[in-house]
Amino acid sequence: MSNVETPRPIRGTQDIFGPEAEAFAFVVETFERVRKLYRFRRVEMPVFEKTEVFSRSLGETTDVVSKEMYSFDDRGGESLTLRPEFTAGIARAYLTDGWQQYAPLKVATHGPLFRYERPQKGRYRQFHQLDAEIIGAAEPQADVELLAMADQLLKELGIADGVTLQLNTLGDADSRDSWRVALVAYFQSVRADLSEDSQERLERNPLRILDSKDPRDKAFVADAPKIDDFLTDQAQDFFGQVTSGLEAAGVAWTRLPALVRGLDYYRHTAFEFVTDRLGAQGTVLGGGRYDGLIESLGGVHTPAAGWAAGIERLAMLVGERRQSVLEQAIIPVGEEAESIAAQLLAKTRRWGTSAELFNRGNLKKRMQRAADAGAFWAVIIGEDELAKGVVTIRNMHSGGQFTIPLDDMLNRVEMDDGRFVIRDDPNNPVGWTVFEPAESQ
RNA sequence: GCGAAUGUAGCUCAGUUGGUUAGAGCGCCGGUUUGUGGUACCGGAGGUCGCGGGUUCGGAUCCCGUCAUUCGCCCCA
């Protein structure tokens, strides 16, 4: 043992392993599949950007920008920031990389994000999100498509029944501004009776008073001005088209007039998929329309919408998952068998069949490990087999066994639908020899 | 950033009012005729009691600090 002290992992980071890592991978794989169904283009984005990319788009006074960013000066003295979200970076690329030519552009990505927050279950300093954006589309159908995609993702993950879609509209810029003015005036009039947090919010982000959990605020929130009274005709119409589009797509939702977004760039549609199964971290996927964002980065007015979903939170809802099945456990006994096993392993994997070598301990141990690994077939190559010029194949589920001549095993056998076969005539499947296990023993 | 709880073996936890070499279950490794998954039995490895100070003849146990995790607030995916 060395006397060197082992460095500890960084607070709020995770080393994900085993069934949880499988659940994480399942979420990402499902997202990739759904994303292709909806024809979103895959993009890869840098993990860090100039700090202004985030400070200008998210809003200087938001918590994310003012106290949660991992910002640092690089060796050239430039302020850089580890991305706390995807949207700003994608909007930046839309402007700097000429992606306007592809508008309306549908893109998707996933990866790590960084926020300096107090860690909790489902909340980490390095966390991971799925992300989908449509840039350059003013139509409400874009919002609908994003929501339909999110809804299908949750269904394919098998977690849709515990999750509800909460939907709201923040109106266009005019609606939002007049509503905000009315809200500020209203809360100003009862300021002294609000919670300390909400008095603070009144200065920085008054909309967020609406989803305060403090009982002192809730009475006033109920009587606060409603966005519906401030919607312009166009905003009203836009929201109507979104909701009727959701009906057509068969996406269930509930209206939540108090739902607002924390970041400044949102307009019109705002939504969250929430669950009560993750404690305080109930939002599993959230997003909306951000028509103002591209302008804040110096581009021309560009309508856009998108969402992001926490992979860790989705993975927790999915639950633990097993590693994919092991189709063949290759079990050699003895030196000669080892070299045959090496050939079989290479060949089997080239068939596209998963295989793993078990060559530690006595045969009993090897069988046990193969069973623990969930092997379907055990391919046993021992001294008895080699003496007869065969290999023994055991069905680990039924316990039935049979042998295949070693020469055939190495040169002629193929896998077909999980079975061992020899194709006598490639053009005549009827001529196949299929090996079947004997009675269980 | 605020409030609270927890931290003993790989995992889940015991450990009495401070008192010799810190325990259990599960898991892991090996064995019970050196060729077959289970059960049973036998044996074994594995812990600076999160870390650092303090009080004490003596600290896993009491006090302080610190780190980490968890729960709530805040924020957000």
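Convention: sequence-line order gives letters A, B, ...; per-chain numbering from 1.
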Fill in the blank from the handout: By side chain to side chain donor-acceptor pair (under 3.5 Å), A/Glu327 pairs with (sequence neighbours left out) A/Ser354

Handout entry: Within the 6.0 Å centroid threshold, strictly below: A/His110 and A/Phe86
Key = no

Handout entry: Which atom of A/Arg125 lies closest to which atom of A/Tyr116, heavy atoms considered
Key = NH1-CE1, 3.3 Å

Handout entry: Nucleotide nearest A/Lys213 when distance is taken to its side chain, options B/A68, B/C75, B/U70
Key = B/C75

Practice task
Under 4.0 Å between any heavy atoms, over every strand shown, what does A/Gln368 touch: base, sugar-phosphate, or nothing? Just pick one.
Solution key: sugar-phosphate

Fill in the blank from the handout: Using Watson-Crick geometry (N1-N3 plus N6-O4 or O6-N4) or G-U wobble (N1-O2, O6-N3), each under 3.5 Å, B/A22 is paired with none

Exercise for the section: Tell me what A/Gly382 touches on the nucleic acid: a base, only sugar-phosphate, or nothing, going by heavy atoms under 4.0 Å. Expected result: base

Exercise for the section: Tell me what A/Phe127 touches on the nucleic acid: a base, only sugar-phosphate, or nothing, going by heavy atoms under 4.0 Å. Expected result: base

Practice task
May I ask you to check whether over 12 heavy atoms, not counting those of A/Lys347, lie within 6.0 Å of atom NZ?
Solution key: yes

Handout entry: Length of the line joining A/His397:NE2 and B/U36:C1', which is rounded to integer Å
Key = 17 Å

Practice task
Tell which nucleotide pairs with B/U66, taking only Watson-Crick or G-U wobble pairs whose two distances are both under 3.5 angstrom.
Solution key: B/G50

Exercise for the section: Compare the minimum distances between each of B/G37, B/A68, B/A77 and the side chain of A/Arg394, then state the nucleotide with the smallest one. Expected result: B/G37

Problem - Nucleotide opposite B/G35 in a Watson-Crick or G-U pair, distances under 3.5 Å - result: none

Practice task
Go through B/C74, B/A77, B/U36 for me and flag the one nearest to the A/Ser212 side chain.
Solution key: B/C74

Problem - Sugar-phosphate, base or nothing in reach of A/Gln120, heavy atoms under 4.0 Å - result: base

Exercise for the section: For A/Gly122, answer base if it contacts any base atom (sugar-phosphate contacts may also be present), sugar-phosphate if it contacts only those atoms, and nothing otherwise; contact means non-hydrogen atoms under 4.0 Å. Expected result: base

Handout entry: A/Phe24 CZ - B/A77 P separation (whole Å)
Key = 17 Å

Exercise for the section: Scan A/Gly282 against the nucleic acid and name what it touches under 4.0 Å (heavy atoms): base, sugar-phosphate only, or nothing. Expected result: nothing

Exercise for the section: Remember a base hit wins even if backbone is also touched, and classify A/Asn395 as base, sugar-phosphate or nothing at under 4.0 Å, heavy atoms. Expected result: base

Handout entry: Paired nucleotide for B/A9 [Watson-Crick or G-U wobble; both distances under 3.5 Å]
Key = none

Exercise for the section: Assign A/Arg366 to base, sugar-phosphate, or nothing according to its heavy-atom contacts below 4.0 angstrom with the strands shown. Expected result: nothing

Handout entry: Rounded distance in Å - CG (A/Leu58) to P (B/A77)
Key = 10 Å

Handout entry: Pairing nucleotide - B/U16, Watson-Crick or G-U, each distance under 3.5 Å
Key = none

Practice task
Ignoring backbone atoms, test whether A/Asn362 places a side-chain nitrogen or oxygen under 4.0 Å from the OP1 or OP2 oxygen of B/G30.
Solution key: no

Exercise for the section: Assign A/Glu85 to base, sugar-phosphate, or nothing according to its heavy-atom contacts below 4.0 angstrom with the strands shown. Expected result: nothing

Handout entry: Heavy-atom donor-acceptor pair, A/Arg118 side-chain to B/G1 base, under 3.5 Å
Key = no

Fill in the blank from the handout: Re B/C2: Watson-Crick or G-U wobble partner, both distances kept under 3.5 Å, found to be B/G72

Exercise for the section: Could you check A/His397 against A/Phe376 for ring pair (Phe, Tyr, Trp, His ring centres under 6.0 Å), going step by step and ending with a plain yes or no? Expected result: CA-CA 7 Å; A/His397 291 348; A/Phe376 188 85; 4.8 Å; yes

Practice task
Assign A/Arg201 to base, sugar-phosphate, or nothing according to its heavy-atom contacts below 4.0 angstrom with the strands shown.
Solution key: sugar-phosphate

Handout entry: B/C74 base / A/Arg208 side chain donor-acceptor hit below 3.5 Å
Key = no

Practice task
Could you let me know what B/C28 is paired to, Watson-Crick or G-U wobble, both distances under 3.5 Å, or none if it's on its own?
Solution key: B/G44

Exercise for the section: Provide, to the nearest angstrom, the distance between the CD atom belonging to A/Glu312 and the P atom belonging to B/U69. Expected result: 14 Å

Exercise for the section: For atom OH of A/Tyr38, decide whether the heavy atoms of other residues, nucleotides or ligands shown that lie under 6.0 angstrom number more than 12. Expected result: yes

Handout entry: Closest heavy-atom pair and its distance - A/Pro84, A/Val64
Key = CB-CG1, 3.8 Å

Fill in the blank from the handout: Per nearest nucleotide of RNA chain B, the residue lying toward the 5' end, A/Ile380 or A/Asp63, is A/Ile380

Completion exercise
Ranking A/Asp197 and A/Ile10 by the position along RNA chain B of their nearest nucleotide, the one closer to 5' is A/Ile10

Completion exercise
With the side chain defined as heavy atoms from C-beta on, A/Ala308 is closest, among B/C76, B/U32, B/A77, to B/A77

Practice task
Kindly say if A/Lys67 contacts the phosphate of B/G1, meaning a side-chain N or O under 4.0 Å from OP1 or OP2.
Solution key: no

Problem - Spacing between A/Glu68 atom CD and B/C73 atom P, to the nearest angstrom - result: 15 Å

Practice task
Give A/Glu385 one of three labels, base, sugar-phosphate or nothing, depending on what nucleic acid heavy atoms sit under 4.0 Å from its own.
Solution key: base

Practice task
Return the minimal non-hydrogen interatomic distance between A/Leu297 and A/Arg92, and the atom names on each side.
Solution key: CD1-N, 3.8 Å

Exercise for the section: Measure from the side chain of A/Glu117, starting at C-beta and using heavy atoms only, and say which of B/U69, B/U36, B/A77 lies closest. Expected result: B/A77

Problem - Atom-to-atom span, CG of A/Leu210 to P of B/C74 - whole angstrom - result: 14 Å

Problem - Separation of B/C76 C1' from A/Leu259 CG (nearest whole Å) - result: 12 Å

Practice task
Provide, to the nearest angstrom, the distance between the CG atom belonging to A/Leu153 and the P atom belonging to B/A77.
Solution key: 16 Å

Exercise for the section: Please determine if a side-chain N or O atom of A/Arg369 lies less than 4.0 Å away from the OP1 or OP2 oxygen of B/C29. Expected result: yes

